Amino acid sequence: MSVEDGGNAEAYWENNDLTFNTSSLQYRPNYNEYRGAPRLTYEHSAIAGEFDNGAVLLRSDPTVVRGESGTDPRISLTVLTGDISDNGVDARNVDVSPVSQGRGSVRLAPDSGDSRIVLPTAVENETALAERWNRTTDATVTVHGEDRIQVALEGNYSLSLSEVSIDGDGATEPAYLVPVTGNGTVGQSVGVEVRDTYNNPVADAEVSFDGTTGETNDDGRVFFEPDAPDDYSATINGGGESYESVPFSVTEAGSSGSTNRTFSTQWESDSATVVANGDRDLNVSVSDRSGNPIANATIDYSITPQSPDGSLSKWNQSVHDGKDNVTFEAGNAQEGESFDVFASAGDDVDTASVTVIDGSVDLQDTISENDTEFTIDHGLTNLDSGFLVVENEDTGVNEMYNISDGTSTTDVDDIGGISGGDTINATLYEDDSRRVQLDSDTTTVEDPDPNFTVDITNVNDPVTEGEDLNVDYTVENTGDETDTQTIELLDFDGQVVDSFEVTLDGGETTSGTLTWATTSGDAGTDDITVRSDDDTETQTVTIDPSMANSVSTTGSPSGSNIAGGPDGGGSRIAFDITADSEVTLTGFSVTTDIGSFTNDGSTVGGDEPPTTFSGQVTIDLARFSTNNIQNSLEEEFVDPDTGNPDIVVTLEFDDGSVLEIGIT
């Protein structure tokens, strides 16, 4: 087989008789209590178990050959180096360390007829091992002499090589150079990648560049910045072999310069954008100096800076028609970050700049079918402008326009009007080609349900308990549908004291008055509430106490202070009352079941009504017209049949309130 990569990679492989020594790792159990166990051999990515009777089983499938010809087949070989030997019954860890990691590949093509790979094996029954490989490998595997198996291949393959060590020893040396940039201009960097015999990058390798030296980074790369136009050369190992040197032609900025390259590697575009957290395909072509596509060329891809924030979908690819694409994956890259992506084939490299962009769009939170317009907030990162499309998916009508950071307003007529249940979509694109979508937002137009809002417009407070508290209100149905609801007035204790039922169409309003007929004991300052099924409103009001409510009797039982009648016969009854605040008594009346009463000579605190007083005073009822009372002075004044007082005194106050006192 021969290498078809072109440039230094092909030159190195074609001019060196490359051989790779590899070992097997074998475990041979030998216990008295554990008999008949197979010998386990790890080699060429597979674990084989071999029994004493010659049978062989694979504990893992070999991955040396993957894919068939025409479907990007690959050969992946790992060279195992180092030496380890141990015997005993204790557990032993086997540490495997990478020496050369398989990050690159070369394209192989058969020289004539089929190609083959011959692999050494430590399994004693090579025939049984080959049969097992044939069951899991796309290629044909046969025995190739003692301690060898052969893998027959058809067509072209990509070969990837690695080396791992089982004892921590081992290192690789620089073998050849490949360019990672093309010819440059003064002030522009040119770079190379140093690879080992396995076609993998070599870190910390020394590279000479016309009198200066530099060391490769972890990716095996080093860059130089020429300060004058000239022909330069980057070399390793003294540059004695052609593949140990890469020439560069550096010209003044703006000059076309000269080139001696046989390959032309070209990105479709020198710059591209990718949406944050998204990806973007980048197209590349490889041709000769006449512009004809180079078939079966291998393109190596790389990215700077190397970080988890931005990555490529692959690192190399063999192409059949001189064209390929690689996917740039933004990952966790932040908006505004930029990356250089390199495509290298043969002796030419091209660079494309990829910049991460982003944008956001946010529709108005709530859109109602009554709205005549709505807003869209939009933001852009690393873009001067974007392209916004706003569409009513139900009418199929949209409007489109260029935007910058900020807020736009859409007239509903421009999207064919809106109705409840319609779906409104706003999509933000990078530009009017609408190929790269940055963000989108969707909302559903609301069809408002009935909603009765209430407002208290006026209250006639303060009032005195016993008077009506009148509450003026307004009710509006802010929804679109007709509904009937009960509007209620709640007192200080949350009890409904007045209510009415009202039917309103959408948008309709009504007003009226609710009344609380206050009574004795309602005095205080607190909140009253007007409510509908959907809404409430409260207001603080004051209900003053009545004069009668501030007066109480003194002594127990009430009014039992009884005296004999005055000159002229009859009886006199006297009792005490106490007023907590100043009150005006305008009069009183007496009802009795045991005799009649006349007002002549009766006093309140020594004065005849009307009279104003506070604190404790004595009411003296002076005249009763019969002697029935005189005859019952030693009895309780209670009707034995009903238990009600025989004498009831009603006090009448200036604010219209009254207080009844039973004389018992």
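Every heavy atom of this structure was used, including side-chain atoms; hydrogens, water molecules and symmetry mates were not. Quick caveat: nothing in here was measured; it's all calculated off a predicted structure. When a residue number appears, it is its place in the shown sequence, counting from 1.
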Margin query: Looking at Thr513, is its backbone amide N or carbonyl O close enough to the side chain of Asp472 to form a donor-acceptor pair, meaning the two atoms are under 3.5 Å apart?
Written below: no
**Message:** Check whether Asp505 reaches the backbone of Glu508 with its side chain - one donor and one acceptor, N or O, closer than 3.5 Å.
**Reply:** no
Evaluate side chain to side chain donor-acceptor pair (under 3.5 Å) for Asp371 paired with Ser368, printing each intermediate quantity in order.
CA-CA 5 Å; Asp371 292 338; Ser368 170; 4.9 Å; no
Counting only N and O atoms by type, is there a donor-acceptor contact under 3.5 Å from the side chain of Glu373 to the main-chain atoms of Asp411?
no
Between Thr443 and Ile367, the two heavy atoms sitting closest are CG2-CD1, 3.6 Å
Donor-acceptor check, side chain of Trp516 to backbone of Leu490, threshold 3.5 angstrom: yes or no?
no
What one should report as the nearest heavy-atom pair of Val471 and Ile456 is CG1-CG2, 3.9 Å
Let's go through Val502 and Phe452 carefully: what are the C-alpha distance in whole Å and the side-chain angles of both, what is the deciding distance for side-chain contact (heavy atoms from CB on, under 4.5 Å) to 0.1 Å, and is it a yes or a no? CA-CA 10 Å; Val502 62; Phe452 282 29; 4.1 Å; yes
I'd like to know if the side chain of Glu537 and the backbone of Val530 have a donor-acceptor N/O pair within less than 3.5 Å.
no
Output, in order, the C-alpha distance, side-chain angles, deciding distance and verdict of side-chain contact (heavy atoms from CB on, under 4.5 Å) for Phe387 and Leu438. CA-CA 10 Å; Phe387 193 71; Leu438 301 178; over 6 Å; no
Margin query: Could you check whether Thr478 and Asn451, counting side-chain N and O atoms only, form a donor-acceptor pair closer than 3.5 Å?
Written below: yes
Is the shortest side-chain heavy-atom distance between Ser550 and Ser581 below 4.5 Å? yes
| message | Between Ile357 and Val274, is there a side-chain heavy-atom distance shorter than 4.5 Å? | response | no
Please confirm whether the ring centroid of Tyr473 lies under 6.0 Å from the ring centroid of Phe500.
yes
Check your understanding: Is the side chain of Glu465 donor-acceptor paired with the backbone N or O of Thr518 at a distance under 3.5 Å, no angle test?
Key -> no
| query | Between Thr355 and Ser338, is any side-chain donor less than 3.5 angstrom from a side-chain acceptor? | reply | yes
Using modelled atom types only, decide if a donor and an acceptor are shared between the side chain of Arg280 and the backbone of Glu329 within a distance under 3.5 Å. no
Original post:
For residues Thr540 and Asp527, is any side-chain donor paired with an opposing acceptor at under 3.5 Å?
Top reply: yes
Sorted by chain and number, sequence neighbours left out, side chain to side chain contact (heavy atoms under 4.5 Å, CB included) with Glu268 holds for Asn283
### Query
Under 3.5 Å, is there a donor-acceptor pair between the Thr584 and Thr612 side chains?
yes
Problem set entry | Steps toward side-chain contact (heavy atoms from CB on, under 4.5 Å) verdict (Arg221, Ser302) | CA-CA 10 Å; Arg221 296 184 172 187; Ser302 58; 2.4 Å; yes
| Does a side-chain heavy-atom distance below 4.5 Å link Thr464 with Ile543? | no
- Message: Using a 3.5 Å distance criterion without hydrogens, assess whether the side chain of Asn477 forms a donor-acceptor pair with backbone atoms of Leu504.
- Response: yes
**Prompt:** Would the number of heavy atoms belonging to other residues, nucleotides or ligands and lying under 6.0 Å from CD of Glu660 be above 12?
**Reply:** no
On a heavy-atom basis, the closest approach of Val496 and Arg531 is CG2-NH2, 4.1 Å
Is it the case that the side chains of Glu399 and Thr410 hold a donor-acceptor pair, with the cut-off being a distance below 3.5 Å and no angle test?
yes
Problem - Between Ser499 and Thr486, a side-chain donor and acceptor under 3.5 Å - result: no
Between Ser532 and Asp534, is any side-chain donor less than 3.5 angstrom from a side-chain acceptor? no
| task | Run the ring-centre check on Phe342 versus Tyr301 and record whether the distance is less than 6.0 Å. | result | no
- Query: Do Ile528 and Thr538 have side chains that get closer than 4.5 Å, going by heavy atoms?
  - Reply: no
### Query
Would a 4.5 Å heavy-atom cut-off, applied to side chains only, mark Phe374 and Val390 as touching?
yes
Item to complete: Please assess Lys314 against Asp324 for the test salt bridge (Lys or Arg N to Asp or Glu O under 4.0 Å), listing each intermediate value before the final yes or no.
Response: CA-CA 11 Å; Lys314 56 189 176 183; Asp324 192 32; 3.1 Å; yes
The side chain to side chain donor-acceptor pair (under 3.5 Å) partner of Asn470 among Asp461, Thr515, Asn458 is Thr515
- Between Asn425 and Thr427: side-chain donor-acceptor atoms closer than 3.5 Å: yes
Val341 and Trp267: CA distance, side-chain angles, deciding distance, side-chain contact (heavy atoms from CB on, under 4.5 Å) verdict: CA-CA 10 Å; Val341 181; Trp267 288 108; 3.6 Å; yes
(request) Return yes if a side-chain donor-acceptor contact under 3.5 Å exists between Thr407 and His378, otherwise no. (result) no
Leu651 side chain reached by Val658 side chain, heavy atoms, under 4.5 Å = no
Between Ser614 (side chain only) and Glu582 (backbone N and O only), is there a donor and an acceptor less than 3.5 Å apart?
no
Taken in chain and number order and not counting sequence neighbours, the residues that satisfy side chain to side chain contact (heavy atoms under 4.5 Å, CB included) with Asp526 are Phe492
Check the side chains of Asp279 and Thr327 for a donor-acceptor pair under 3.5 angstrom, ignoring hydrogens and angles.
-> no
Contact check, side chains of Val361 and Leu388, non-hydrogen atoms, under 4.5 Å: yes
Just by distance, with hydrogens left out, do Asp439 and Gln437 show a side-chain donor and acceptor under 3.5 Å apart? no
_Ser657 side chain vs Ala548 backbone, donor-acceptor pair below 3.5 Å_ = yes
I'd like to check Asn549 versus Val551 (side-chain heavy atoms, cut-off strictly below 4.5 Å). Are they in contact? no
